[in-house]
Amino acid sequence: MNTCLGIELGSTRIKAVAVDESFRPVSSGDCTWASRYENGIWTYPLEEVWAGLKTALSKVEDRESIAAMGVSAMMHGYLAFDRDWKLLTPFRTWQNTITGPAAAGLTELFGFNIPQRWSIAHLYQAVLNGEEHVSKIAHITTLAGYVHYMLTGVNAVGVGEASGMFPIDSAALDYDAGMLAKFNGLPGIKALPWKLEDLLPRVLTAGERAGALTERGAALLEGLLPAGIPFAPPEGDAGTGMTATNAVSPRTGNVSAGTSIFSMVVLERPLAKVYEEIDLVTTPAGAPVAMVHCNNCTNDTNAWVGILGEAARLFGASPDTGELYTRLYEKSLEGEADCGGVLVCNYLAGEGVTHMDAGRPLVARTPETRFTLANFFKAQLYSTMATLKIGMDILAGEGVAIDSLTGHGGLFKTPMVGQRYMAAACGAPVTCMETAGEGGPYGMALLAAYMLRKAENEALGDFLKDRAFAGVSGSTVQPDTALAEGFNTYIRRYKALLEVEKAAVAVL
């Protein structure tokens with residue numbers, strides 16, 4: 001049996017998933033890792049990439065059956081290398097909110113929203129800062145692009161990943177030539193010994209071959225995989241999430257909810273205006289997508305679950321962590337639709353959508369608030385998607401039609417809870433499929449399968465709909481009117497709470 005392997009270097013786990021010829025997951029492996037905050041930068045040491053990758057791969061069964069594979073990773077960020085692929089500055093992840101002047105300047109220059117986490121924002125901020133490494137740069141790429149290059153020798157990324165490095169022309173399926181010229185013409189850029197297009201990786205689309213595992217790459221993995229395995233173009237977790245949820249066609253979308261939370265909605269037409277809260281990226285096939293990306297999702301909830309579990313242990317109880325999550329999620333369903341006045345801001349990091357450069361988690365209530373466990377935990381779960389809702393409401397105001405959203409990630413593991421709240425928040429039906437827990441690495445495995453097994457001229461959307469997801473079961477929840485009204489009340493209060501959050505960042 002031939003399998004296809006997807007690897008994803010996520011924010012908290014490095015995971016590998018193999019799918020069989022029926023596109024069903026048959027084996028997986030993972031390991032945990034965490035970013036570090038060093039010298040004002042959120043980063044990961046690159047040596048941990050290879051240690052974690054080997055740990056995850058070692059747990060995958062029947063590795064000799066792998067017929068194709070691909071690499072995905074947390075989106076965007078900044079990895080800068082010299083001509084010999086020596087790292088010039090520590091990896092700057094998507095978590096950083098240190099590129100505000102660059103992002104604002106480029107947004108004005110291009111007439112196109114450039115978020116702070118995009119690679120081009122990091123590069124231009126380094127130029128504005130006068131950083132010494134800038135003149136030595138020969139390559140910039142993303143984490144997925146770096147791992148792919150080290151394993152295959154091919155310096156390329158998938159178009160979805162490329163669209164978070166620099167704006168993409170969806171007609172040309174390449175970096176926008178007009179914007180490249182504008183960037184190269186900036187006063188601080190003209191004096192440098194490079195043109196931007198010479199630094200960026202080549203752009204490939206889903207279905208193209210992007211090299212094969214080299215002997216050098218196999219040695220990096222210490223023989224866990226044999227040389228010669230063909231690779232699909234590397235993608236970010238946004239593109240693999242869209243693939244894993246069968247959401248690459250117009251009027252479909254997905255919500256990925258874990259450490260961060262983001263939605264991807266495939267557009268029928270361009271947006272009328274430029275919005276700082278909305279990123280314009282592409283599917284792995286190059287179709288335009290509106291993305292709402294929020295840095296904060298479940299981390300604060302995870303901390304509270306830990307505290308509640310610690311309290312239980314004071315009384316001799318030892319609840320299983322998974323069961324504790326399930327019980328608390330289900331308890332939240334007993335809470336009032338507006339959480340009884342309980343408010344939570346879950347910001348551990350800064351948040352671009354609401355223009356916060358740092359975070360301070362908060363729980364707030366007034367004397368008349370009905371402070372029960374159910375209301376508190378419902379407010380916790382509302383907080384995980386509140387910032388996302390602010391961005392999704394902008395799309396609704398633009399008249400963007402959404403026939404279906406598919407949810408995946410940890411927020412949706414407890415059946416029907418996060419799903420109900422997300423449907424109420426976004427005003428659209430939310431589906432969770434049986435494969436939703438596999439997430440990005442599963443999506444990357446499907447992209448590898450598409451490259452290997454697609455019929456001639458078979459579009460990615462057709463391949464997913466007619467073959468990969470044919471017969472896949474799932475549950476769909478329609479928006480509940482009363483819950484939606486309660487969520488809207490919560491959001492009005494939440495926006496007021498953000499003024500308290502600003503003060504907390506300033507004084508704490």
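Along the sequence shown, residues are numbered consecutively beginning with 1.
Checked by atom type and distance alone, the side chain of Asn488 pairs as donor or acceptor with a backbone atom of Ala484 at under 3.5 Å.
Checked by atom type, the side-chain pair Gln125/Tyr78 shows no donor-acceptor distance below 3.5 Å. In this structure, a donor-acceptor pair under 3.5 Å is present between the side chains of Thr369 and Thr366.
The pair Glu499-Lys502 meets the salt-bridge criterion, since a charged nitrogen lies less than 4.0 angstrom from a carboxylate oxygen.
Between atom CD of residue Glu351 and atom NE2 of residue His293 there is a gap of 8.0 Å, rounded to the nearest 0.5 Å. We find the CZ-CD1 distance between Arg493 and Ile491 to be 11.5 Å, quoted to the nearest 0.5 Å. Atom CG of Leu373 is separated from atom NZ of Lys378 by 12.5 Å, given to the nearest 0.5 angstrom. Here CG of Leu343 is found 13.5 Å from NZ of Lys495. Values are rounded to the nearest 0.5 Å. Atom OH of Tyr44 sits about 12.0 Å away from atom CG of Leu79, to the nearest 0.5 Å.
Leu446 places a side-chain heavy atom less than 4.5 Å from the side chain of Phe23. At a threshold of 4.5 Å between non-hydrogen side-chain atoms, the residues Asp300 and Gln380 count as touching.
Paired with Val430 under the rule side-chain contact (heavy atoms from CB on, under 4.5 Å), one option of Gln419, Gln478, Arg420 passes, and it is Gln419.
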Please evaluate residues Arg327 and Glu330 with respect to the criterion salt bridge (charged side-chain N to carboxylate O under 4.0 Å, His left out), reporting the C-alpha separation (whole Å), side-chain torsions for both, the decisive distance (0.1 Å), and the verdict.
CA-CA 5 Å; Arg327 292 287 186 91; Glu330 291 174 345; 5.3 Å; no
List the steps and the verdict of salt bridge (charged side-chain N to carboxylate O under 4.0 Å, His left out) for Arg313 and Glu310.
CA-CA 5 Å; Arg313 287 191 290 276; Glu310 189 177 340; 5.2 Å; no
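Taking the six-membered ring for Trp and the full ring otherwise, the centers of Tyr421 and Tyr329 sit at least 6.0 Å from each other.
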